[in-house]
Structures are given as structure tokens and as C-alpha cells.
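The structure under discussion appears below in the form of C-alpha cells.
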Protein chains: 2
Amino acid sequence: MARAGLTTERVVRAGAELADEAGFDAVTLSALARRFDVKVASLYSHLKNSQELRTRIALLALEEMADRAAAALAGRSGRDALAALGDVYRDYAHQHPGRYAAAQLRLDPETAAASAGRRHSEMARAVLRGYDLAEPDRTHAVRLLGSVFSGYVGLELGGGFAHSAPDSAQSWTRILDSLDALLRNWPATEERSP
Amino acid sequence: MARAGLTTERVVRAGAELADEAGFDAVTLSALARRFDVKVASLYSHLKNSQELRTRIALLALEEMADRAAAALAGRSGRDALAALGDVYRDYAHQHPGRYAAAQLRLDPETAAASAGRRHSEMARAVLRGYDLAEPDRTHAVRLLGSVFSGYVGLELGGGFAHSAPDSAQSWTRILDSLDALLRNWPATEERSP
DNA sequence: ACATTTGCCTAAAGGCTATAGGCAACCTAG
DNA sequence: CTAGGTTGCCTATAGCCTTTAGGCAAATGT
């Protein structure tokens with residue numbers, strides 16, 4: 001009987017494709033076995049269980065996004081860098097919704113530590129080098145950027161802005177503008193409304 | 001044989017409790033049937049299918065959050081109102097993580113239209129009455145608030161800020177400060193870095 | 001060529017969803 | 001208070017997904 005030539009790598013990659021085509025929830029070992037025309041049990045030679053498949057897709061997505069982000073940030077600073085980083089996440093989510101959904105999985109601490117997660121926060125910090133922020137505000141700002149990017153993309157993908165004016169792309173641009181303005185003019189502690 | 005006294009209402013409420021205790025993914029008709037000491041098939045008299053259960057938990061969460069938000073906004077404006085609204089979402093997510101997760105479900109358009117979703121955007125708009133924003137910037141700002149709130153809470157719940165300084169609560173406060181400052185000083189279109 | 005490893009198989013069990021059909025508990029009328 | 005109808009929960013069944021155990025054959029290397 002001819003062998004299918006499965007490897008963990010190939011299975012994970014097919015899982016990522018399936019996620020983008022049919023949604024992350026449709027990523028099952030059964031569906032993947034059908035795709036490779038193989039019996040389900042065979043996949044267990046390459047993956048511990050279905051959880052490992054999901055986790056590996058998440059790690060793949062995090063790596064891919066980090067690679068894109070690193071490329072996008074090269075040679076940019078200030079608002080350009082900010083927009084480039086935001087666009088990386090937003091574009092990736094539109095192009096690979098299933099992978100992006102995978103990347104939102106909660107990873108256990110050691111897996112997270114070994115993931116590209118660190119690279120992502122390093123890149124947000126790199127963007128902030130173009131602004132004048134000292135610790136701990138720099139960290140607060142990193143968290144703000146992460147929140148806005150993941151929040152906006154999540155709502156947009158969830159259809160939150162779908163059927164109302166103005167266009168989501170316009171809000172995105174304006175929000176990047178406003179974040180740029182905020183970072184250039186970061187409030188000192190205790191500055192509040194009168 | 002004594003009857004269990006099931007109703008759609010009670011089943012959904014139990015589902016919400018189960019979600020908070022065991023995670024939204026653990027909300028299955030099987031688990032709920034065990035909780036009521038009833039056979040699974042019996043639940044189908046009260047729910048069309050398991051999707052309806054999940055959707056109803058999401059709608060319940062959206063209502064509860066909207067009710068809390070309405071109460072929190074009464075008599076507040078400016079930064080107070082902004083922080084009150086943000087705290088509603090953040091506190092609710094900490095107190096009811098399963099329900100909050102349910103509220104992130106993508107609802108089909110008609111269900112979404114009948115949900116408390118509209119109330120939420122109305123309340124964000126109400127907060128913005130304390131700031132000087134005209135359309136379309138008001139809508140952009142509503143979307144920004146939604147993004148920051150849902151993004152921050154999502155990352156925090158996902159453990160993103162768990163094991164690093166500074167404390168997540170401090171970042172939250174500073175981020176509310178910075179949003180307040182941004183809204184008070186919303187950039188005119190085309191204002192960008194030199 | 002033979003022995004070993006490896007890849008994919010069959011078989012089987014357990015869990016969740018879903019549908020169909022039945023009986024008994026409850027409600028309502030007369 | 002009992003006859004009838006309705007409703008609530010039941011059993012039975014089937015399909016799909018995950019996971020483990022154990023077996024045969026294809027690939028590998030000596």
C-alpha cells in the first residue's frame with residue numbers, strides 16, 4: 001500500500017490551510033485525514049493529539065506574523081512604523097482568518113514562552129522607539145497597541161463594523177492617526193480632565 | 001417519574017454558570033444534562049440545538065453587560081464615564097469569564113440586530129458626548145473604544161499580561177488616562193508626524 | 001538479502017449532537 | 001373528580017470526532 005508521505009510539518013500546514021478555508025473550528029483530525037486520504041489513526045504518529053495540531057497552527061501563525069512584521073518595520077519609524085505594524089496584523093487576519101483565529105488561542109505558559117510572542121512585543125517596543133516614552137509608560141503603550149490591534153481586527157473580522165458607515169478602512173486609518181498623535185503627546189501621569 | 005422543571009430560561013442560566021466555572025468550551029448539552037440529572041434528549045424540548053444554547057448565553061451576557069453599563073454611566077461624564085464603561089467590561093470579564101467569552105461569539109446578522117449590541121454602541125456614543133467630536137470622527141472613536149476595551153480584556157484574560165511588570169491594573173488605568181487625553185485632543189484629519 | 005524501523009492500517013471504545021417515538025405526569029373541562 | 005389532551009422527560013438509535021492498541025507492509029541500512 002502506497003504511503004501518503006505525512007510529516008508533522010505537512011499535517012500542520014494542511015491544517016492551517018483548512019483553517020483559512022473552512023474556519024478554525026473545522027480543523028479536526030478527521031477532516032485532515034480525509035484531506036490526505038488517510039485514516040485518522042495515522043495522524044497520531046505525527047501529532048500527540050488534536051490539541052497539538054491546534055497549538056502548532058497557532059505557533060505557525062505567530063511566526064508568520066512576526067516575520068512579516070520584522071520585514072515591514074525595517075527602515076520605518078514613527079507613524080510609518082506604527083501603521084506598518086498594524087497593517088501586518090490586519091492584513092494577515094484578512095488573508096488568513098483561520099490562522100489568525102488560531103493565534104488567539106490561549107497557550108500554556110511554556111509553549112507561549114517558546115513562541116514568537118516575545119518577538120511581537122519586541123517589535124511593538126521597536127515602534128515606540130520613534131516616540132518619546134520612558135518606562136513604565138513604554139510598557140503601557142505596548143499593551144495599548146496590542147489591545148487596539150487585536151481588538152480592532154477581532155471586531156472587524158467578527159463583522160462588527162460590516163454594515164455601517166463609515167467604511168472600516170477609514171476608521172482604521174483614523175485610528176492609526178489618533179494613536180500616532182497620542183504617542184507623540186503621551187499624557188504625563190495625573191493629567192486628567194478638570 | 002418526577003419532572004426536573006426545565007425551562008429554556010433555566011437551562012440557559014445554568015449554561016452561563018457552567019461557562020463561568022468550566023470555560024465556555026465546556027458548555028455542552030451533555031454537561032448540562034448531567035447538571036440537571038436529566039437525559040440529553042430532554043434538553044431538545046427547550047433548545048433547538050447546542051448552537052442555540054451558545055447563542056442565548058451570548059445574548060444573556062450582552063444584556064447583562066449593557067445593563068451594568070447603563071447603570072454605571074448614569075450621572076457620569078468625561079473621564080469618569082470613560083473609565084466607568086471600560087471597567088464594566090473588564091470587571092464583567094473577570095467575574096464571568098465564560099459569559100464574556102460567549103459574548104465574543106460571532107452572531108448571525110439578524111440575531112445580532114435583536115441583541116443588546118446596539119445599546120453598547122449607543123453607550124459608547126454617550127461617553128463621547130463628554131468630548132468634542134463630530135461625525136465621522138465620533139464613529140471612529142466609538143470603534144477605537146470598542147477595540148481597546150475588547151482587545152485589552154481579551155489579552156488580559158488570555159494571560160498576555162500575567163507574568164510581567166508592571167501590574168495589569170496599572171496599565172489599565174494609564175490606558176484609560178491616555179484615551180481620555182486622546183479624546184480631549186483628537187487630532188484633526190491630516191495631522192501627522194512631520 | 002535480511003533485520004529493523006517506520007508508516008499506515010483495522011478494530012474498538014468513549015463522548016457529544018441530533019432525531020424519532022413512547023409513556024407518564026400535569027392541566028383543564030365538564 | 002375523572003376523561004382528555006398536552007407537555008416533559010424517557011429510551012433507542014445513528015452519526016461524527018477523538019484516542020488507544022495492536023498488526024502488517026513498505027522503506028531503510030548493513
It should be established whether [X] places a side-chain nitrogen or oxygen under 4.0 Å from OP1 or OP2 of nucleotide [N].
X: A/Ser42; N: C/dG7; answer: no
X: A/Ser45; N: C/dC8; answer: no
X: B/Ser50; N: C/dA18; answer: yes
X: B/Ser30; N: C/dT17; answer: yes
X: A/His46; N: C/dC8; answer: yes
X: A/Arg34; N: D/dC17; answer: yes

Taking the side chain of [X] as heavy atoms from C-beta outward, which of [options] is closest to it?
X: A/Leu29; options: D/dT19, D/dC9, D/dA12; result: D/dT19
X: B/Ala41; options: D/dT11, D/dC9, C/dT17; result: D/dT11
X: B/Val38; options: D/dC9, D/dT20, C/dT19; result: D/dC9

| request: Would you check, one step at a time, whether the test side-chain hydrogen bond (donor to acceptor under 3.5 Å, both in side chains) holds for B/Ser171 with A/His140? | output: CA-CA 5 Å; B/Ser171 288; A/His140 298 322; 2.7 Å; yes
| Rounded interatomic separation in angstrom, taking NZ from B/Lys39 and P from C/dG21 |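 From B/Lys39 NZ to C/dG21 P: 21 Å.
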| query | Separation of A/Leu6 atom CG from D/dA27 atom C1', in whole Å? | reply |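 Interatomic distance, CG of A/Leu6 to C1' of D/dA27: 15 Å.
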| message | Whether A/Arg13 and A/Glu17 form a salt bridge (side-chain N of Lys/Arg under 4.0 Å from carboxylate O of Asp/Glu) is what I want to check. | response |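 Answer for the salt bridge query: no.
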| field | Path from A/Tyr100 to A/Val88 over hydrophobic side-chain contacts below 4.5 Å | value |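 No; tracing contacts between hydrophobic side chains, which count when under 4.5 Å, never links both residues.
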| message | I'd like to know whether B/Arg90 forms a salt bridge (charged side-chain N to carboxylate O under 4.0 Å, His left out) with B/Asp87, so could you lay out the CA-CA distance, the side-chain angles of the two residues, the decisive distance to 0.1 Å, and finally the verdict. | response | CA-CA 5 Å; B/Arg90 183 164 177 262; B/Asp87 282 342; 5.0 Å; no
